[in-house]
Amino acid sequence: MLDLKFIRENSDLVEKRLKTRKKDISLKELLEMDEKRRNLQGMLDEKKSQRNTINKELPKSEDKKTLIEKMKKISEEIKESEKEEIELSNKIQQILWELPNIPHESVKISYNEEDAEILSTWGKIPEYDFELKDHVDLGIEKNILDFERAAKIAGSRFALYIDKGARLERALINFMLDVQTKEHGYKEFMTPYLVNADSLFTTSNLPKFEEDLFKTQDNLYLLPTSEVTLVNIHRDEILEENDLPLKYTAYTPCFRREAGSYGKDVRGLIRTHQFNKVELVQFTTPETSYEIQQKIVEHAEEILKRLGLSYRKIALVTSDISNASIKTIDIEVWVPTQGKYREVASISNCTDFQARRGNIKYRDKEGKLKFVHTLNGSGLATSRLLPAIIETYQKKDGSIEIPEVLRKYTGFDAI
RNA sequence: GGAGAGAUGGCCGAGUGGCCGAAGGCGCUCGCCUGCUAAGCGAGUAAACGACUAAAAUUGUUUCGAGGGUUCAAAUCCCUCUCUCUCCGCCA
């Protein structure tokens with residue numbers, strides 16, 4: 001959520017920058033309502049002030065009858081105006097809830113996601129002297145993945161991991177958590193997989209993106225990413241500057257409806273309703289958030305390096321960064337059979353956007369309360385990683401080699 | 001699922017209709033005193049939204065889990081909801 005005062009005082013700039021995300025964003029209505037609301041509030045405050053004065057006099061007064069009559073009248077007027085004020089506030093709030101964060105000036109302006117800037121590439125694109133099989137064929141052939149039975153159990157876009165497939169997935173999760181906790185200093189959490197609406201409002205998954213979420217009959221939602229639970233750990237809390245940055249990580253499954261992606265990536269693990277992810281979240285001061293984003297990128301990259309997978313980093317353009325983010329860097333891993341890089345991580349700096357929504361503050365060294373900055377990044381999405389691994393490490397004889405670093409986790413070195 | 005108790009400031013906790021933004025304590029900050037790893041004394045210490053201001057000072061309003069109601073007036077009375085705790089039942 002943006003600061004209304006800031007919008008008011010910098011309306012032209014804000015509108016101009018927001019338009020770089022989406023052409024049709026306009027602040028006109030918001031500003032008009034804000035103006036109207038403030039006038040109304042001024043009037044209301046004055047009347048309430050009168051009411052309070054009379055209220056104080058009343059118990060001591062001789063002529064209670066006259067005062068009570070006066071109060072009745074004022075109270076009624078207040079009630080009327082208050083109704084209007086509340087209505088207006090609600091509308092303003094609604095607009096504010098839906099406005100995205102202001103893109104950082106370093107983010108390339110474009111309405112076409114293909115314009116993303118390639119920041120760097122790592123590793124050689126592997127070459128093969130035999131016919132490659134994709135992860136679906138490999139998985140079925142090796143009996144480590146089963147999509148037909150998954151469909152029987154749950155429907156399309158689900159996966160059943162079998163035997164070494166399941167163990168490889170679990171190994172990946174453990175490997176990633178170990179690196180992030182033991183080497184990069186993150187604190188590990190196990191979080192609920194069902195979350196309430198308030199939590200989703202904080203992270204900006206609501207109100208705008210409800211169609212992406214699974215909802216239960218108890219008004220709880222299936223977790224779309226553990227960014228939600230990790231960020232909400234400190235909702236409505238005041239942190240101490242000395243404790244920042246807080247570095248949190250969690251493995252959770254993630255559930256997404258994938259509405260509107262019909263026909264896209266229908267095959268295999270690339271786009272499923274349920275996938276596994278290790279998430280990285282940090283709470284920081286405004287002064288440090290920008291450099292910390294770079295660090296999170298490195299923390300995610302480290303996983304790919306050790307797995308020996310080729311990847312590249314790209315900086316998303318203004319229209320492609322997520323609602324809460326001012327700048328997003330994606331890490332994409334090379335998927336041999338697709339002949340292209342696919343997203344495995346997305347690292348965003350949300351500045352104070354989520355902190356404002358979730359009321360997450362910190363007390364600075366002078367004792368002043370400020371909103372923290374929140375950042376999140378995948379560290380990484382396992383279900384995108386596993387296809388890359390088994391495709392990349394397939395051998396001519398049909399076997400799949402397990403990357404060195406994973407072997408102590410899997411207990412086997414080939415499939 | 002059944003029965004009961006509760007939700008107040010950073011924390012603990014008092015407060016049952018106007019004098020309550022709210023006693024008292026803890027914590028924290030500043031000052032004094034003292035000389036010994038501490039104690040004592042004094043002062044200060046909520047936030048949000050406005051107005052004013054270069055900024056501050058100042059000032060108005062709001063806020064005692066959330067929402068609604070009664071009343072001239074609600075932390076306090078009534079209703080609904082949420083959450084927490086205890087007991088019983090069921091259960092991994």
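Letters A, B, ... mirror the listed sequences (proteins, then strands); counts begin at 1. Keep in mind the model is a prediction, meaning the values are calculated, not measured.
- Close to B/rU71, at under 4.0 Å from its OP1 or OP2, lies no side-chain N or O of A/Ser75.
- Atom C1' of B/rC91 sits at a distance of 47 Å from the matching atom of B/rG17, rounded to the whole Å.
- Counting non-hydrogen atoms under 4.0 angstrom, A/Lys361 reaches the backbone sugars and phosphates but no base.
- Contact check for A/Leu246 versus A/His234: side-chain heavy atoms found under the 4.5 Å cut-off.
- OP1 and OP2 of B/rA73 both lie 4.0 Å or more from every side-chain N or O belonging to A/Lys79.
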Contact state string [nucleotides 60-68 of chain B, B base, S sugar-phosphate only, - no protein heavy atom under 4.0 Å] | BSS------

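- Nucleotide B/rC49 holds its C1' atom 12 Å from the CD atom of A/Gln93, rounded to whole Å.
- Nucleotides B/rA48 and B/rA38 place their P atoms 35 Å apart, quoted to the nearest Å.
- With sequence neighbours excluded, the residues satisfying side-chain contact (heavy atoms from CB on, under 4.5 Å) with A/Arg271 are A/Arg157, A/Glu258, A/Ser261, A/Lys264, A/Asp265, A/Arg342, A/Arg384.
- Judged as a side-chain hydrogen bond (donor to acceptor under 3.5 Å, both in side chains), and not counting sequence neighbours, the contacts of A/Asp364 are A/Lys370.
- Helical stems in RNA chain B, defined as runs of 3 or more consecutive Watson-Crick or G-U wobble pairs with donor-acceptor distances under 3.5 Å: B:1-7 with B:82-88, B:10-12 with B:24-26, B:27-32 with B:40-45, B:46-51 with B:58-63, B:65-69 with B:77-81.
- The residue among A/Gly42 and A/Leu369 whose nearest nucleotide of RNA chain B is located toward the 5' end is A/Leu369.
- With C1' as the reference atom, B/rG6 and B/rA56 are 43 Å apart, rounded to whole Å.
- Distances shorter than 4.0 Å separate some side-chain N or O of A/Arg8 from OP1 or OP2 on B/rG50.
- When the C1' atom is used for both B/rG9 and B/rG27, the distance is 13 Å, rounded to whole Å.
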Only distances under 3.5 Å count here; give the side-chain donor-acceptor pairs of residues 26-33 of chain A to other protein atoms, sequence neighbours excluded, each with its distance to 0.1 Å.
| unit_1 | atom_1 | unit_2 | atom_2 | d |
| --- | --- | --- | --- | --- |
| A/Ser26 | OG | A/Lys28 | N | 3.2 |

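- Figure legend: A/Lys247 and A/Tyr186 shown as a cation-pi pair, the cationic atom lying under 6.0 angstrom from the six-membered ring centre and within 45 degrees of its axis.
- Counting heavy atoms from C-beta on, the side chains of A/His135 and A/Leu269 come closer than 4.5 Å.
- Counting only N and O atoms by type, the side chains of A/Asn276 and A/Tyr251 include a donor and acceptor under 3.5 Å apart.
- Screening A/Ile144, A/Leu138, A/Asn143 for a side-chain contact (heavy atoms from CB on, under 4.5 Å) involving A/Ile415 leaves a single residue, A/Ile144.
- Judged as a ring pair (Phe, Tyr, Trp, His ring centres under 6.0 Å), and not counting sequence neighbours, the contacts of A/His184 are A/His299.
- With P as the reference atom, B/rU84 and B/rC30 are 39 Å apart, rounded to whole Å.
- Atom NZ in A/Lys73 sits roughly 14 Å away from atom C1' in B/rC72 (whole-Å rounding).
- For the C1' atoms, the distance from B/rC33 to B/rG40 is 8 Å, rounded to whole Å.
- B/rA39 sits 45 Å from B/rA74 when the P atoms are compared, rounded to a whole Å.
- Residue A/Leu4 is out of contact with every strand shown, counting any heavy-atom pair closer than 4.0 Å.
- For the C1' atoms, the distance from B/rU8 to B/rA3 is 27 Å, rounded to whole Å.
- RNA chain B is contacted by both A/Asp3 and A/Arg363; A/Arg363 maps to the nucleotide lying nearer its 5′ end (nearest heavy atom per residue).
- Checked by atom type, the side-chain pair A/Thr374/A/Gln354 shows a donor-acceptor distance below 3.5 Å.
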